[in-house]
*Asks:* 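This is the structure I want to talk about, given as structure tokens.
Any value given below was found using the heavy atoms of this structure, including those in side chains, with hydrogens, waters and symmetry copies removed. Not measured: the values here are computed from a predicted model. Just follow the structure's listing: the first ligand is 1, and inside any ligand the first atom is 1. When a residue number appears, it is its place in the shown sequence, counting from 1.
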Amino acid sequence: MTTQEEQTRAGLRFPTGFALGAATSAYQIEGAVRDDGRGTSIWDTFTKTPGRVLNGHNADVAIDHYHRYREDVALMADLGLTAYRFSVSWPRIQPTGSGKVNQKGLDFYKRLTDELRQHGIDPWLTLYHWDLPQELEDKGGWPNRDVAYCFADFAATVHAALKDHVHTFSTVNEPWCAAFLGYASGEHAPGRREPQNAIRGAHHLNLAHGLAVQAMGARRVGGCVNLYAVNPATDSVEDLDAARRIDGLQNRFFLDALLLGRYPEDVLADVPGEIDFIQPGDMKTINAPIDVLLVNYYSRFTVSGAPGGRQSAAAAPTDSGSPWVGSEHVSFVSGGQPVTAMGWEIDESGLVEVLTRVAREYPAIPMVVSENGAAFDDVLADGRVHDRERQAYVEAHLGACKEAIDAGVPLEGYFAWSLMDNFEWAWGYGKRFGLVHVDFETQERRLKDSALWYSEIIRQNRRHEPTDS
Ligand code: FCB
């Protein structure tokens, strides 16, 4: 090992018990969409609708994790992961979204979590990573308040069945995406472009979170948000206002609701239509105490209020509108940093910024970075993927975690997105985020260089843990 490597690795030494894991989600990896009684989700419908997903890809097979979970857990064990964040498929467990429970669906997650625990890997379960049962969408989807109550029932069912198997439950993955990409821009399922319903949906997703936390009663439960560092392009009044708006809708709308039990007044004033969907008691429910905040972080936004710029930080793969309800005029400009294959700017200082901000501006709450990673155009040659850029991305962001911890942030873990290449939503199989390369034809898994490197970091950290813990 060179001195430089030693220094780097010493720099990435985390406190005892710090989780070093990886994340996935059900629809992106499982496949087996018709096996063992699984119902239909909005993503099944969306992917079959022409023009919605690049190249008409769907996740009927995905990376066949439903059948290969043992092999995949063995991979995680080889890498030494201490924790694994995955989501359960609602329609696999409750095929029509309410009522009858499909035991075979629950059994799959029992087998998966048993397997994880046998390998000493902590299962972190996400209840909702965007695969709403189609029947609930047919009843109006997230803009329909009833769906939040269905979600609470679903959460109680999953919690009752798996509470002895799971380390931490979390509720809704990235409610911003579920609401604004699903119901405003239409880039994600169900692909509606109804800005006012997107806000309504966002509130119901928050409500669903709170109701689920209450329904699960016992601990450990968390909520998940995707946070961005947001900068004005200049100090002009327009740009400062643009930054306030995007920060408001992306970050504060969710953080204030979950952690303070209120919505920011300025955001409610920015969005169109009447705010007639917040019922008495809702905000207290949404503010139900949680044990941990899951923060997904990818990039920084630099925004401008001047007319004529780009509508979003990066190109959308399909025809879609603006997710920025009430702030559609805001444009996204380059912050001058290099970008990933998604066109997302690489800026690890933004991660320090969002973590320290939550620690400073909100009541004390332990956090984990529950997703962080990058797509690059990987080249597989002689069975190897020399993905130095991904490694550098993860290394820089782990460094940011370390910096945040040193600044006093109660950060308890890091999950790389993603364990394996998978179905990347509207981009289909066109973007690879995995530490593990997957051949989408043969389903062969191969460790990329970034995986080997990450594994070494985990090993180094384990070496410093007390052996009897
Ligand atoms: C996040 C999603 C995850 C994946 C990454 C790249 O927004 O939660 O499923 O698509 O982005």
*Asks:* Within the distance-only criterion (no hydrogens, no angle test), does the side chain of Thr340 pair as donor or acceptor with the backbone N or O of Ala374 below 3.5 angstrom?
*Replies:*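 Looks like no, no N/O pair under 3.5 Å.
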
*Asks:* Compute the shortest N/O to N/O distance between Glu424 and ligand 1 and return yes if it is under 3.5 Å, no if not.
*Replies:*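 In this structure, Glu424 places an N or O atom under 3.5 Å from an N or O of ligand 1.
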
*Asks:* Does some non-hydrogen atom of Asn226 fall short of 4.0 Å from ligand 1?
*Replies:* no

*Asks:* Decide whether a cation-pi geometry holds between Arg388 and Tyr393; the criteria are a distance under 6.0 Å from NZ or CZ to the six-membered ring centre and an angle within 45° of the ring axis.
*Replies:*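 No, a cation-pi geometry is absent between Arg388 and Tyr393.
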
*Asks:* Considering only non-hydrogen protein atoms, determine which one is nearest to atom 7 (O) of ligand 1 and report residue, atom name and distance to 0.1 Å.
*Replies:*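 I find the closest protein heavy atom is Glu174 OE1, 2.5 Å.
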
*Asks:* Considering only NZ, NE, NH1 and NH2 on the basic side and carboxylate oxygens on the acidic side, decide whether Arg244 and Asp270 come within less than 4.0 Å.
*Replies:* yes

*Asks:* Give the atoms of ligand 1, by number and element, whose distance to some non-hydrogen atom of Trp130 is under 4.0 Å.
*Replies:* 2 (C), 7 (O), 8 (O)

*Asks:* Going by distance only, is there an N or O of His129 that falls short of 3.5 Å from an N or O of ligand 1?
*Replies:* yes

*Asks:* What protein heavy atom sits nearest atom 5 (C) of ligand 1, and how far away is it?
*Replies:* Tyr298 OH, 3.3 Å

*Asks:* Tell me whether the rings of Tyr429 and Phe423 are parallel (<30°), tilted (30 to 60°) or perpendicular (>60°).
*Replies:*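 Perpendicular.
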
*Asks:* Is there a heavy atom in Lys431 that sits closer than 4.0 Å to ligand 1?
*Replies:* no

*Asks:* Name every donor-acceptor pair, under 3.5 Å, that has one atom in a side chain of residues 45-54 and the other anywhere in the protein, sequence neighbours excluded.
*Replies:*
{"residue": "Thr45", "atom": "OG1", "partner": "Ser41", "partner atom": "O", "Å": "3.4"}
{"residue": "Thr45", "atom": "OG1", "partner": "Gln134", "partner atom": "OE1", "Å": "2.7"}
{"residue": "Thr47", "atom": "OG1", "partner": "Tyr27", "partner atom": "OH", "Å": "3.4"}
{"residue": "Thr47", "atom": "OG1", "partner": "Trp43", "partner atom": "O", "Å": "2.8"}
{"residue": "Thr47", "atom": "OG1", "partner": "Asp44", "partner atom": "O", "Å": "3.1"}
{"residue": "Lys48", "atom": "NZ", "partner": "Asp60", "partner atom": "OD1", "Å": "3.0"}
{"residue": "Lys48", "atom": "NZ", "partner": "Asp60", "partner atom": "OD2", "Å": "3.3"}
{"residue": "Thr49", "atom": "OG1", "partner": "Thr45", "partner atom": "O", "Å": "2.8"}
{"residue": "Arg52", "atom": "NH2", "partner": "Gly191", "partner atom": "O", "Å": "2.9"}

*Asks:* Examine Ser25 against ligand 1 and note whether any of their N/O atoms are separated by less than 3.5 Å.
*Replies:* no

*Asks:* Give me each pair satisfying side chain to side chain donor-acceptor pair (under 3.5 Å) with a member in residues 199-209, each pair once, sequence neighbours excluded.
*Replies:* Thr171-His209, Arg200-Asp276, His203-Tyr263, His203-Asp282, Asn206-Tyr263

*Asks:* How far is atom 3 (C) of ligand 1 from its nearest protein heavy atom, and which residue and atom name does that atom have?
*Replies:* Glu371 OE1, 3.4 Å

